[in-house]
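To keep things clear, I will list the structure first and then write my remarks on it.
Proteins come first, then strands; the chains are lettered A, B, ... in the order of their sequence lines, and each starts at number 1. Quick caveat: nothing in here was measured; it's all calculated off a predicted structure. The figures here come from the full heavy-atom set of this structure, side chains too, leaving out hydrogens, waters and symmetry mates.
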Amino acid sequence: MNYWLFKSEPDEYSIDDLAAEPAQTGRWDGIRNYQARNFLRDRVAGGDGVLFYHSACKVPAVVGTAEVVRAAYPDPAQFAPDSPYFDPKASAEKPRWFCVDLRWRSKFMRPVPLAEIKADPLLQEMVLVKQGRLSIQPVEREEWEHLLQLGQKP
DNA sequence: GCCAACGTTGGC
DNA sequence: GCCAACGTTGGC
């Protein structure tokens, strides 16, 4: 059982959008970055915990948690010519991009902003702090637990 | 099989 | 909207 941080632009797909899905379960698709794909395809497993992060918005922040309910399978959008995620170089035999299914688990009492994470001595080793621009990244158990605590503080 | 160019990401 | 970091691509 591992922990992850998934980034999403809230204008595109927010934690409330996930909570509003049938069975509060949605497909995490549209990943088109190789480093993120490799984590998704090779390491993310059913039952793993996910920190839901809002990126490319006014206050980038961890806003809640989710759970992986289905491990990697080929992202259908890469085969759909009318999709913005269409990839002409992908085929059913050789899919290039993958997705997982997530179930909403919790929304924090308050978002934990990136600026606060960067200033927290316990979170200095997070990939989020050390390397930006990675939309799927591993999280240590200690980091997971600390962030959950921060999110529950009023 | 080297390595420059490319596409994606996302904070600032 | 700039541009830095990364993995991958593809020309040679």
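For A:S55, whose side chain is taken as the heavy atoms from C-beta onward, the closest listed nucleotide among B:dT9, B:dC12, B:dG10 is B:dG10. For A:K89, whose side chain is taken as the heavy atoms from C-beta onward, the closest listed nucleotide among B:dG10, B:dG11, C:dT9 is C:dT9. Nearest to the side chain of A:R133, among B:dG11, B:dT8, B:dG10, sits B:dG10. Checking C:dC6, B:dT8, C:dC3 against every side-chain atom of A:R32, the shortest atom distance belongs to B:dT8. Relative to the side chain of A:N33, the nucleotides B:dT8, B:dC12, C:dT9 differ in distance, and B:dT8 lies closest. Considering only the side chain of A:L114, B:dG11 comes nearest among C:dC6, B:dG11, C:dT8.
Within the 4.0 angstrom heavy-atom criterion, no nucleotide atom of any strand lies near A:K58. Nucleic acid contact class of A:F39 (heavy atoms, under 4.0 Å, all strands): none.
Distance CD (A:E116) to P (B:dG11): 16 Å, rounded to an integer number of Å. For the pair A:N38 CG and C:dT8 C1', the interatomic distance rounds to 10 Å; values are reported in whole Å. Atom-to-atom, OH of A:Y34 to C1' of C:dG10 comes out at 12 Å; the value is rounded to the nearest Å. The nearest whole Å value for the distance from the CD atom in A:Q131 to the P atom in B:dG11 is 13 Å. Distance, A:K130 NZ to B:dT9 C1': 20 Å, rounded to whole Å. Between A:I31 atom CD1 and C:dG7 atom P there is a gap of 16 Å when expressed in whole angstrom units. Straight-line distance from the NZ atom of A:K118 to the P atom of B:dG10: 13 Å, rounded to whole Å. Rounded to whole Å, the distance from CD on A:E9 to P on B:dT9 is 8 Å.
Screening A:F39, A:Y53, A:W28 for a ring pair (Phe, Tyr, Trp, His ring centres under 6.0 Å) with A:F6, the sole residue that qualifies is A:W28. Of the options A:E143, A:R141, A:E142, a side-chain contact (heavy atoms from CB on, under 4.5 Å) to A:E145 is made by A:R141 and by none of the others. Checked against A:W97 for a ring pair (Phe, Tyr, Trp, His ring centres under 6.0 Å), the options A:Y73, A:Y85, A:Y34, A:F86 give a single hit: A:Y34.
The pair A:D75-A:R32 counts as a salt bridge, with a side-chain nitrogen and a carboxylate oxygen less than 4.0 angstrom apart.
Between the side chains of A:E21 and A:Y13, at least one donor N or O lies within less than 3.5 Å of an accepting N or O.
The phosphate of B:dT8 (OP1 or OP2) has no side-chain N or O of A:Y85 nearer than 4.0 angstrom. A close approach under 4.0 Å does occur between a side-chain nitrogen or oxygen of A:K7 and OP1 or OP2 of B:dG10.
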